Amino acid sequence: MAKVQQKRAARTREKILAALEQLLESKEFEAISIADIARQGEVAVGSIYSHFEDKEALLPALFDRYMERIEARVAEFVEYGMIDGEKYEPSEAHDLRGIIEQSIRGAHRQVTDSLGLRRALLTYRRLNPDVEVPLVSKLGRDAIELLAAELDRYREEIVHTDLHEAARMVSYFLNIAFLDRIVLPAAAAKDELRPSDEMLIETYTGMVLHYLTGQ
């Protein structure tokens with residue numbers, strides 16, 4: 001009986017967190033109520049309070065959820081050389097522009113595929129500015145190393161002598177390129193003044209190419 005109750009409680013907790021993650025894709029955290037979460041997750045309001053003291057207590061849980069996904073991705077890459085279930089291979093792009101576009105599309109996909117979690121992470125870090133996340137930092141450093149290795153294939157086209165520094169700059173740009181989707185996803189998606197994602201990807205590709213080649 002105890003195991004059945006534990007499984008039921010775990011399922012309820014997961015439904016609560018999944019509901020908040022989904023709501024964060026279109027709403028500010030401050031605009032989401034406990035009733036909204038209960039409705040989205042199809043659970044009773046009382047069930048939420050039996051798992052969490054208040055709405056703010058859900059943020060650390062979502063933060064842990066985000067970190068678990070990162071840890072799983074890191075372990076997958078370290079142990080099996082795979083990313084998201086696919087074997088990592090050097091870029092199949094045939095030129096420098098192709099590598100850049102592929103990287104920008106990858107950054108866009110990561111944002112859109114985990115928008116709610118990334119927004120929860122941003123909110124949590126804003127409310128807890130002193131929290132350190134060493135694993136995220138390590139993942140960022142690993143990404144720079146991989147990008148530097150890709151750029152090395154086109155060393156003759158790149159005007160920067162320090163490819164690691166160039167990769168660091170490009171990686172930083174990739175991390176902020178679609179930040180508006182995280183900060184204001186609903187508003188950004190509906191803003192008629194905002195270019196389409198496809199147009200942004202094309203423009204960003206040209207910008208990064210110019211930075212690397214000077215052309």
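The figures here come from the full heavy-atom set of this structure, side chains too, leaving out hydrogens, waters and symmetry mates. For this chain, numbers begin at 1 and follow the sequence in order. None of these values were measured; they are calculated from a predicted model.
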Is there a donor-acceptor contact under 3.5 Å from the side chain of Asn128 to the main chain of Tyr124? yes
Applied to residues 199-215, the salt bridge (Lys or Arg N to Asp or Glu O under 4.0 Å) test, sequence neighbours excluded, yields none
To the nearest 0.5 angstrom, please state how far the CE atom of Met207 sits from the CG atom of Leu200. 10.0 Å
Below 4.0 angstrom, N of the basic side chain to O of the carboxylate: do Arg65 and Glu14 qualify? yes
Under a 4.5 Å cut-off applied to non-hydrogen side-chain atoms, are Ile100 and Leu212 in contact? yes
Minimal non-hydrogen separation, Ala167 against Leu147, with atom names: O-CD2, 3.6 Å
Tightest non-hydrogen contact, residues Ala57 and Pro60, listed as O-CD, 3.3 Å
Listed by chain and number, what are the side-chain hydrogen bond (donor to acceptor under 3.5 Å, both in side chains) partners of Ser114, not counting sequence neighbours? Arg118
State, yes or no, whether a side-chain contact exists between Leu62 and Leu117 at a heavy-atom distance under 4.5 Å. yes
Contact check, side chains of Leu174 and Ser103, non-hydrogen atoms, under 4.5 Å: yes
Can you check whether Ser33's main-chain N or O pairs, donor with acceptor, with Lys55's side chain at less than 3.5 Å? no
CD of Glu156 to OG1 of Thr213, rounded to nearest 0.5 Å, is 14.0 Å
Sorted by chain and residue number, the side-chain contact (heavy atoms from CB on, under 4.5 Å) partners of Arg13 (sequence neighbours excluded) come out as Leu17, His51, Phe52, Ala61
The side-chain contact (heavy atoms from CB on, under 4.5 Å) partners of Ala38 (sequence neighbours excluded) come to Val43, Val45, Ile48
For Ser50, side-chain hydrogen bond (donor to acceptor under 3.5 Å, both in side chains) partners two or more places apart: none
Applying side-chain hydrogen bond (donor to acceptor under 3.5 Å, both in side chains), name anything that partners Glu145, two or more places apart in sequence or on another chain. His164
Pairwise distance CD(Glu21) to CD(Gln40) - rounded to 0.5 angstrom: 11.0 Å
Going through the distances and angles, do Arg105 and Glu198 end up as a salt bridge (charged side-chain N to carboxylate O under 4.0 Å, His left out)? CA-CA 9 Å; Arg105 289 189 181 280; Glu198 196 61 36; 2.3 Å; yes
Residues 6-33 vs ring-ring contact (aromatic ring centres under 6.0 Å, His included), sequence neighbours excluded, gives none
Heavy-atom side-chain contact between Ile104 and His108 under 4.5 Å: no
Going by ring-ring contact (aromatic ring centres under 6.0 Å, His included), name the pairs with one or both residues in residues 194-215, residues two or more places apart or in two chains. His160-Tyr211, Phe173-Tyr204, Phe178-Tyr204
Side chains of Asp197 and Arg181: does their closest heavy-atom pair fall under 4.5 Å? yes
Got Ile37 and Leu58 here, is their nearest side-chain heavy-atom distance under 4.5 Å? yes
For Ile182 against Arg119, the heavy-atom pair lying closest together: O-NE, 2.8 Å
side-chain contact (heavy atoms from CB on, under 4.5 Å) filter on Glu30, not counting sequence neighbours, yields Glu28, Arg126
Find the distance between CG (Leu151) and CD1 (Ile144) and round it off to the nearest 0.5 Å. 11.5 Å
Give every residue pair that meets the salt bridge (Lys or Arg N to Asp or Glu O under 4.0 Å) criterion with at least one member in residues 31-48, sequence neighbours excluded. Lys27-Asp36, Asp36-Arg39
Just do the side-chain contact (heavy atoms from CB on, under 4.5 Å) check on Leu96 and Ile158 with the steps written out, would you? CA-CA 9 Å; Leu96 181 57; Ile158 298 173; 4.1 Å; yes
Under 4.5 Å side-chain linkage, directly or through intermediates, the cluster mates of Ile176: Tyr172
Counterpart residues, side-chain hydrogen bond (donor to acceptor under 3.5 Å, both in side chains), relative to Glu68 (two or more places apart): none
How many angstroms lie between atom CD of Glu101 and atom CG of Leu209, to the nearest 0.5 angstrom? 11.0 Å
Value for CD1 (Ile99) from OG1 (Thr205), rounded to nearest 0.5 Å, stands at 12.0 Å
